[in-house]
Amino acid sequence: MLSGGGARGIAHIGVLRVLQKLRVPIDAIAGTSMGAVVGGLYASGLTAKQIEAVVKSLNWQEAFRDQPPRQDLSLRRKEEDENFLVHFPIGVKGWHLVLPQGLIEGQSFTEMLRRLTLPVARITNFNDLPTPFRAVATDLRTGQKVVMDSGDLTSAMRASMSAPGVFAPVPRSGRLLVDGGITDNVPVDVARAMGVNVLIVVDVSTRLRPRDKLNGVASVSAQALTILMERKSRKELASLTPRDVLIRPTLDGISSFDFGDVNQLIAIGEAAAWKMRKRLSAFSVSPAQYRRYERRRASLRRPPPRIEFVKVQTGSTQFSAPIEKLFGDMVGKRLNPNAIARRITTLYGQGGLDTLDYRVVRRDGRYGLLIDARGASIGPNYMRFGLSLRDDFSGDATYEAAARYVMSEITRSGGEWVTDGEIGQTSRLATEVYLPFSKFSGWFVMPQVSVEASDLPYFIGQSLRAVYRAHTFRYGLDLGKQFSDWGEVRAGAYREEGHTRLTVGDPGDPLLPFPAQQPFGSFTYFLRFSYDTLDNINFPHSGEQATLQWSSAHQVIGPQSSYNRVTFDFLAAHTWRDRNTVAFSVSGGSLLDRATDLRMEFPLGGFLNLSGLKQYSLYGPHYGIARLLLYRKIDRGGPGYLDVPVYLGMSLEAGNVWRNMSDIRWSTMHKDASVFFGLDTFLGPIYLGSGFDDHGHQTFYLFLGRTF
């Protein structure tokens with residue numbers, strides 16, 4: 001019998017290892033919460049060693065993240081991820097805001113469990129599993145204990161560990177289920193009802209904290225929940241007989257959310273079991289008997305069946321068309337878990353779903369796939385938020401706050417109407433309608449319109465001389481094609497008009513590039529290719545990102561002229577030994593014709609853009625910069641899947657802006673460097689750093705938000 005306890009439940013694996021070494025066969029297993037997960041995996045026929053290997057290889061932060069890995073998102077979702085930092089959308093229904101049912105839907109974790117239990121997916125009676133099994137959950141509507149003894153094994157494990165407020169509830173057999181620890185965290189009675197003679201009980205429950213540890217809202221709330229759970233647990237433990245064995249791993253100071261050190265948790269469980277070795281050895285069998293026991297368990301794990309049909313779960317019919325198109329060609333083939341995982345990621349990565357899951361079912365003697373697609377509980381319409389703060393510790397501080405409102409699924413092919421609002425150094429209101437031709441064709445058309453006001457600082461050397469405010473009205477149309485989850489080709493045309501106005505500086509200053517007020521207007525068309533396989537936009541560890549764009553603008557207001565503009569950006573990252581990353585990036589651009597508009601020139605200066613210089617202190621019609629970054633993950637700022645990775649890094653940079661292309665050479669480049677301390681937080685990356693320029697300039701930075 002394996003109790004609940006969140007991350008503390010990983011200690012169960014250490015106990016199972018000892019039972020395996022002592023050749024103690026397990027006739028039945030019952031579990032709650034994490035105990036149900038470890039117990040369910042063992043019941044599916046996996047050995048303790050195999051479960052240990054899975055747990056050690058798992059990235060728990062990724063496993064409890066609803067989004068697929070970033071490299072598997074559609075390019076549109078990647079762009080949204082890049083611009084809007086907070087990964088916590090809020091639903092909008094009518095005039096009401098709707099929060100998700102839990103911080104975590106558990107999509108990635110569910111798919112991991114699904115893959116591991118696929119060899120026993122044919123079995124729906126838990127008595128017929130390699131080891132008979134029971135999982136305990138709680139009915140969220142009635143508060144009653146629910147003992148799951150049949151049906152889908154994966155959803156049973158997932159429901160049993162759905163801690164309210166953290167994991168979203170799991171619909172199962174007409175009920176909405178949450179963590180079984182609420183009603184029976186140590187299910188001795190459930191295990192006893194399975195007809196066993198002797199119970200081996202592993203209790204990893206959280207103990208009551210001493211008074212001096214009850215010093216905050218979180219600790220007091222956790223203590224209250226522990227009190228409620230302990231009442232039932234004490235009663236269950238009091239029912240144990242002298243023949244039963246109780247194992248209580250020493251887990252003082254380890255949180256239920258601390259998935260950070262799996263090796264330690266397993267070792268603690270193993271040590272606790274070895275202390276009971278004398279009593280456990282009484283249940284040992286001969287090596288031959290134990291080999292027969294292991295062979296029988298392994299024999300019930302079979303290759304996935306041939307799929308004869310694909311059906312959509314009742315309640316998921318609005319997703320029938322994309323599901324049948326995506327999974328229909330699997331009919332007549334043996335189920336390939338890698339292939340189905342890729343296709344689930346393809347559809348789930350487009351957004352709009354809380355859950356996309358599958359299970360193997362048998363109907364009329366044939367095996368098939370039953371797909372369960374549940375739309376976002378917050379509704380098809382949602383909001384996301386972004387925030388950027390910057391301070392250079394010399395009196396220059398700026399901020400930008402942004403919000404995005406998305407009306408998704410406005411067409412059957414997955415159209416979206418997106419409206420953005422932004423305030424700060426740049427104020428902006430924009431709307432666009434993304435209209436794909438069909439669900440998976442990749443082709444789309446996107447009309448858009450925006451109003452924007454932004455600052456254009458003008459420096460002489462490192463001294464701010466003036467600031468212009470550019471007011472722009474823009475409208476246009478894009479046409480493009482996305483390639484799976486890695487790239488896009490886009491062409492478009494837009495018209496913009498507005499004016500620049502001097503807001504800081506002397507209008508009579510002869511060194512200023514523009515008059516105090518100047519109108520502008522142009523018609524522009526462009527062609528752009530984008531490529532993106534980065535695993536993380538803040539601190540990438542692997543993958544590449546590249547953009548190549550050509551644009552041609554024709555002035556229709558102000559000086560009549562035309563010019564062509566080319567830009568290129570590339571970034572690649574590589575990590576070794578899990579913690580050390582090197583990233584190389586290069587950016588460049590050129591105005592192929594002389595322009596009379598400062599807005600069209602390229603800015604440089606600022607953190608990781610010649611870090612020793614002030615932000616946007618250089619402008620020119622031609623620019624180039626190369627960067628080499630080294631950073632190391634030095635710590636985790638929080639437990640397990642709620643951790644905040646902490647980095648220490650440095651950069652080497654070389655680049656400049658030039659008036660003439662003939663001036664581009666190594667001797668005319670700035671050579672800069674920086675050192676920085678970074679955190680990859682829920683709100684976005686935070687950097688504290690200092691930059692150095694080869695001309696003797698030095699800057700300091702505090703950033704929340706993107707840098708390059």
Side-chain angles (χ1 to χ4, degrees), residues 28 36 40-41 43-46 106-107 110-135 137 146-160 170-177 194 296-348 353-375 412 439-440:
L41 292 177
S44 75
L46 293 176
Q107 171 71 20
T110 300
E111 291 312 305
M112 183 270 291
L113 295 178
R114 180 72 61 195
R115 181 186 293 257
L116 292 173
T117 59
L118 196 58
V120 294
R122 300 179 179 89
I123 300 174
T124 57
N125 186 329
F126 292 174
N127 286 329
D128 298 331
L129 290 168
T131 297
F133 175 64
R134 300 290 185 271
V146 177
V147 179
M148 294 170 283
D149 60 3
S150 62
D152 176 53
L153 178 60
T154 295
S155 66
M157 292 188 289
R158 170 69 179 79
S160 185
V170 175
R172 193 177 191 274
S173 302
R175 292 168 163 167
L176 200 59
L177 302 182
M194 298 179 75
R296 184 193 63 79
R297 279 173 32 88
S299 68
L300 294 175
R301 288 180 64 88
R302 298 174 183 173
R306 185 177 302 277
I307 298 303
E308 301 297 337
F309 61 88
V310 174
K311 296 292 184 182
V312 178
Q313 179 84 28
T314 302
S316 303
T317 52
Q318 67 268 40
F319 304 105
S320 295
I323 287 173
E324 289 173 359
K325 183 173 182 180
L326 197 59
F327 298 98
D329 65 346
M330 290 187 166
V331 174
K333 301 176 183 176
R334 187 171 292 279
L335 176 60
N336 183 331
N338 294 324
I340 195 169
R342 286 193 298 269
R343 298 189 189 196
I344 282 178
T345 297
T346 297
L347 185 55
Y348 190 80
L353 294 171
D354 273 352
T355 298
L356 180 59
D357 192 17
Y358 71 95
R359 57 192 176 98
V360 177
V361 294
R362 186 178 183 182
R363 292 180 179 174
D364 301 324
R366 301 184 307 152
Y367 287 102
L369 286 179
L370 184 64
I371 309 294
D372 180 15
R374 284 187 280 126
R412 288 188 176 182
K439 193 70 176 179
F440 299 108

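Numbers here are sequence positions counted from 1.
In this structure the side chain of Leu118 reaches within 4.5 angstrom of the side chain of Val360, judged on heavy atoms.
Ile371 approaches Tyr358 most closely through the heavy-atom pair CD1-CB, 3.7 Å. The minimum heavy-atom distance linking Ala135 with Ala36 is given by the pair CB-CB, 4.1 Å. Counting all heavy atoms, side chain and backbone alike, Pro119 lies closest to Arg115 at CD-O, 4.1 Å.
Listed by chain and number, the residues in a side chain to side chain contact (heavy atoms under 4.5 Å, CB included) with Asp364 amount to none (sequence neighbours excluded). Under the side chain to side chain contact (heavy atoms under 4.5 Å, CB included) criterion, Pro171 pairs with Leu176, Arg374, not counting sequence neighbours. By the salt bridge (Lys or Arg N to Asp or Glu O under 4.0 Å) test, Asp329 pairs with Arg343, sequence neighbours left out.
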**Request:** Report the C-alpha separation of Arg359 and Thr154 in whole Å, then their side-chain angles, then the decisive distance to 0.1 Å, and conclude whether the side chain to side chain donor-acceptor pair (under 3.5 Å) test is met.
**Result:** CA-CA 9 Å; Arg359 57 192 176 98; Thr154 295; over 6 Å; no

**Message:** salt bridge (charged side-chain N to carboxylate O under 4.0 Å, His left out), that's the test. Do Lys311 and Asp372 meet it? Break it down for me.
**Reply:** CA-CA 9 Å; Lys311 296 292 184 182; Asp372 180 15; over 6 Å; no

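By the 6.0 Å and 45° rule, Arg366 does not stack over the aromatic ring of Phe309.
Heavy-atom neighbours of Arg296 CZ from other residues, nucleotides or ligands within 6.0 Å: above the threshold of 12. Within a 6.0 Å radius of CZ in Arg302, other residues, nucleotides and ligands contribute 12 heavy atoms or fewer.
The backbone N or O of Leu113 lies less than 3.5 Å from a partner atom in the side chain of Thr117, making a donor-acceptor pair. One N or O on the side chain of Arg306 and one on the backbone of Gly332 form a donor-acceptor pair closer than 3.5 Å. A donor-acceptor pair is defined here as one N or O able to donate and one able to accept, closer than 3.5 Å; no such pair exists between the side chain of Arg134 and the backbone of Met194. A donor-acceptor distance shorter than 3.5 angstrom exists from the side chain of Ser155 to the backbone of Asp152, with no hydrogens or angles considered.
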